2 protein chains.
Amino acid sequence: MRGSTGAKGEAPTINDVAALAGVSKKTVSRVINKSPLLTEPTRKKVEAAIVELGFVPNPQARALALRRNFLIVLLHDNPNAQTVQNFQKGVLQTIGDSDLALVVRPVDRTSDGMLEDVRAFLEKHRPLGVLLLPPISERDDLAEVCRACGVEYVRVGSAPLDDEAHCVASNDREVVREACKALIAAGHRRFGFVRGPAGFRSALEREEGFRDAMNGAGVAIDDVLFAQGNYRFDSGIAAGNQLLLATPRPTAIFASNDEMAAGVMHAAKARGIDVPDDLSIVGFDDSPTASHLWPPLSTVRWPIVEMGRVAARKLVERYLPDIDDDEKELPTRLPSTFIDRGSIAPRPD
Amino acid sequence: MRGSTGAKGEAPTINDVAALAGVSKKTVSRVINKSPLLTEPTRKKVEAAIVELGFVPNPQARALALRRNFLIVLLHDNPNAQTVQNFQKGVLQTIGDSDLALVVRPVDRTSDGMLEDVRAFLEKHRPLGVLLLPPISERDDLAEVCRACGVEYVRVGSAPLDDEAHCVASNDREVVREACKALIAAGHRRFGFVRGPAGFRSALEREEGFRDAMNGAGVAIDDVLFAQGNYRFDSGIAAGNQLLLATPRPTAIFASNDEMAAGVMHAAKARGIDVPDDLSIVGFDDSPTASHLWPPLSTVRWPIVEMGRVAARKLVERYLPDIDDDEKELPTRLPSTFIDRGSIAPRPD
DNA sequence: TTGTACGCGTTATCAA
DNA sequence: TTGATAACGCGTACAA
């Protein structure tokens with residue numbers, strides 16, 4: 001399989017190809033980089049030599065000469081492992097057979113030096129581009145750091161966070177509205193809402209969607225019980241305990257993510273409140289947990305693999321225009337899906 | 001914060017440092033690489049220049065000169081996102097402030113070209129080392145590819161898969177035995193066991209641990225009901241349905257991972273069998289789902305972050321002997337923990 | 001203990 | 001359209 005002429009056992013270089021094809025290094029380089037000003041016979045000759053030797057361009061040398069590494073960095077501070085994983089999957093679908101590699105870089109949003117750390121990392125590794133996952137994708141100062149370092153970026157979020165070329169977004173507000181409409185259609189009028197952490201765009205969007213649904217159905221917001229959460233399981237339990245103590249008790253609770261919805265379900269079970277007969281619950285994320293719970297949790301699914309694919313293509317396209325030119329326009333909005341499982345039942349009476 | 005002398009706005013190079021310090025490039029190089037044969041004043045001079053310029057060695061140039069990239073590759077084909085994530089966390093704790101970067105590379109174990117893909121990837125990117133997560137860590141041919149490419153590797157597994165320098169292992173057999181002893185101590189004598197996929201070392205080790213416990217308690221293996229699973233939720237449901245149909249019904253089921261345990265729990269709930277009053281269940285992995293289920297699932301936790309830390313150190317140590325020389329020996333066995341939550345109850349009677 | 005000259009494999013410049 | 005030659009920034013013989 002390897003180059004049949006790999007005399008010294010070492011990988012063949014551009015010089016070997018040039019010598020074999022009887023041309024100069026630069027011409028070989030032009031073939032590699034698909035320069036348009038090449039004679040067809042020259043190109044053929046070189047390509048034949050490349051195949052014969054099994055030549056593969058050395059990425060280290062290219063990186064040095066181009067002052068740019070063929071790397072995509074996935075920057076995230078995401079507690080949801082499955083989301084990160086699925087996004088990676090999408091990115092890798094895009095860069096699969098190319099020369100690119102994916103570097104994963106978790107960061108600590110609570111750290112003071114975070115911004116400087118990222119800047120140092122980017123200046124050191126000079127990646128082609130950066131992919132930003134929420135919640136840190138929401139920070140404009142991070143995007144600014146990327147620009148300052150001359151590194152392209154694409155941000156992923158619950159709603160558009162930047163111009164079309166630099167973001168990929170879900171439609172949290174609309175899909176939450178739709179999910180809540182399902183609760184309303186089941187007859188519910190007494191609602192609880194578990195908020196996501198303050199300052200998170202996703203938390204804001206989901207709450208807006210919830211409010212839209214309430215308004216649309218003529219449910220007074222004043223009658224809705226709100227509880228603050230932080231996207232984690234424990235905060236869901238606390239919120240559930242708080243909401244389920246109220247009189248009259250809500251018959252339906254929307255939690256801004258699945259972890260908290262699972263917590264609400266815990267709180268209900270611990271109080272002998274049956275889900276869904278006494279209480280309907282809807283979450284957000286379609287985490288693995290959602291389908292494993294009993295009853296299976298109705299929730300919302302981001303098209304996260306697709307988002308990874310698209311985000312990576314937005315990033316890579318301008319550097320590797322040969323990737324799949326003839327493809328459709330790259331969307332900025334990738335709509336989420338409401339998945340109605342078993343945690344919604346008609347209002348108890 | 002940047003070098004105050006960064007005249008052209010470009011990053012300072014080793015030449016700038018040499019010029020400022022009044023020494024040669026090589027001397028600067030020696031300082032960077034901590035060569036022992038340097039005068040103290042020379043070193044000080046150079047270090048002062050480095051700080052003044054804010055010089056950071058260019059990794060691309062180093063990679064080219066050393067014919068080696070300062071990259072660690074995490075190779076995995078692991079369906080458990082949380083495991084991968086936590087392992088990454090551990091790896092990053094080790095390489096945190098160094099020049100290293102972590103490249104994540106999912107592979108498809110079912111693909112024919114997998115081995116060649118990995119080889120091509122390694123030859124192209126020339127990483128310092130590779131970290132292998134189960135189940136692909138169990139494949140000796142993959143380790144062989146690493147050796148052939150001159151790339152160091154460390155394998156992670158349920159039991160030692162290689163010599164001490166090249167692996168980090170849990171003690172699945174022992175900890176499963178311990179977990180099952182808890183079931184026996186609760187009075188259970190009629191067991192069901194849900195197997196992991198055939199050919200997986202982890203599946204084998206866990207079954208052996210289960211058998212050890214049965215033998216130790218004088219429970220005849222012939223009286224145990226076995227069901228085959230594939231580590232996925234659906235197979236857990238199927239296995240649960242199969243086991244719970246038997247007469248007499250098992251009062252305790254050990255599932256070889258949490259996903260399948262959740263499936264068993266589903267099957268039980270769907271049949272109106274109460275967990276844990278009618279049926280005790282134990283899983284393995286301590287996935288996020290485990291604590292979110294109702295009742296919370298008793299399970300086993302790998303010290304996966306620690307494993308990532310140790311595995312990375314085993315890999316990096318010989319290349320960066322200055323990392324933390326004065327640390328303790330690096331262990332090969334990192335014992336797992338049995339976590340008894342709410343899914344075990346005394347045998348019903 | 002330090003410096004000189006060259007190599008690593010690719011791309012860029014600019015002339016032919 | 002092609003080629004000779006010089007970067008790119010660092011490491012290593014080998015000499016001093």
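Chain letters run A, B, ... following the sequence lines, proteins first and then strands; every chain starts at 1. Note that the coordinates shown come from a computational prediction; the quantities given were computed from them, not determined experimentally.
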Nearest heavy-atom approach of A/Ser35 to A/Arg43 is O-NH2, 3.5 Å
A/Arg155/A/Asp140 ion pair, N-O < 4.0 Å:
yes
Which atom pairs link the protein and nucleotides 2-5 of chain C when you take only N or O atoms and keep those under 3.5 Å?
unit_1 : atom_1 : unit_2  : atom_2 : d
C/dT2  : OP1    : B/Thr39 : OG1    : 2.9
C/dT2  : OP1    : B/Thr42 : OG1    : 2.3
C/dT2  : OP2    : B/Thr39 : N      : 3.2
C/dT2  : O4     : B/Arg30 : NH2    : 3.4
C/dG3  : OP2    : B/Ser24 : N      : 2.9
C/dG3  : OP2    : B/Ser24 : OG     : 3.2
C/dG3  : OP2    : B/Thr27 : OG1    : 2.6
C/dG3  : O6     : B/Arg30 : NH2    : 3.1

Rounded to whole Å, the CZ-C1' distance (B/Arg126 to C/dG9) equals 10 Å
- Query: Below 4.0 angstrom from OP1 or OP2 of D/dC10, is there any side-chain N or O of B/Asn15?
  - Reply: no
Rounded to whole Å, CG of A/Asn58 lies from P of D/dC10 at a distance of 17 Å
For A/Lys45, the side chain to side chain contact (heavy atoms under 4.5 Å, CB included) test, sequence neighbours excluded, returns A/Val23
note: B/Glu123, atom CD; C/dG9, atom C1'; distance rounded to Å ~ 16 Å
Sorted by chain and residue number, the side chain to side chain contact (heavy atoms under 4.5 Å, CB included) partners of B/Asn78 (sequence neighbours excluded) come out as B/His76, B/Asn80, B/Thr83, B/Val84
- Looking at B/Arg62, does any N or O in its side chain come under 4.0 Å of the phosphate oxygens OP1/OP2 on D/dC10? no
Residues passing the side chain to side chain contact (heavy atoms under 4.5 Å, CB included) test with A/Glu144, sequence neighbours excluded, are A/Arg147
Side-chain N,O (B/Arg67) to OP1/OP2 (C/dG9) below 4.0 Å: yes
To the nearest angstrom, the CD1-C1' distance between B/Ile32 and D/dG11 comes to 10 Å
Whole-Å distance, A/Arg68 CZ to D/dG9 P, equals 13 Å
Tabulate below the donor-acceptor pairs under 3.5 Å that side-chain atoms of residues 127-138 of chain B make, not counting sequence neighbours, or state none.
unit_1   : atom_1 : unit_2   : atom_2 : d
B/Ser137 : OG     : B/Val156 : O      : 2.5
B/Glu138 : OE1    : B/Arg201 : N      : 2.9
B/Glu138 : OE2    : B/Arg201 : N      : 3.2

Residue set satisfying side-chain hydrogen bond (donor to acceptor under 3.5 Å, both in side chains) with A/Ser24, at least two apart, ordered chain then number -> A/Thr27
B/Leu64 CG to C/dC8 C1', in whole Å, measures 4 Å
Those residues at least two apart in sequence (or on a different chain) that pass side chain to side chain contact (heavy atoms under 4.5 Å, CB included) with B/Ala65 are none
Requested in this report: Identify whether any heavy atom of A/Leu66 sits under 4.0 Å from a base atom; if not, whether one sits that close to sugar-phosphate; answer base, sugar-phosphate or nothing.
Outcome: sugar-phosphate
To the nearest 10 degrees, the angle between the two end axes of the helix from C/dT1-D/dA16 to C/dA16-D/dT1 (five pairs per end) comes to 30°
Residues passing the ring-ring contact (aromatic ring centres under 6.0 Å, His included) test with A/Phe55, sequence neighbours excluded, are none
Here the distance between atom C1' of C/dT10 and atom CD1 of A/Ile14, to the nearest Å, is 6 Å
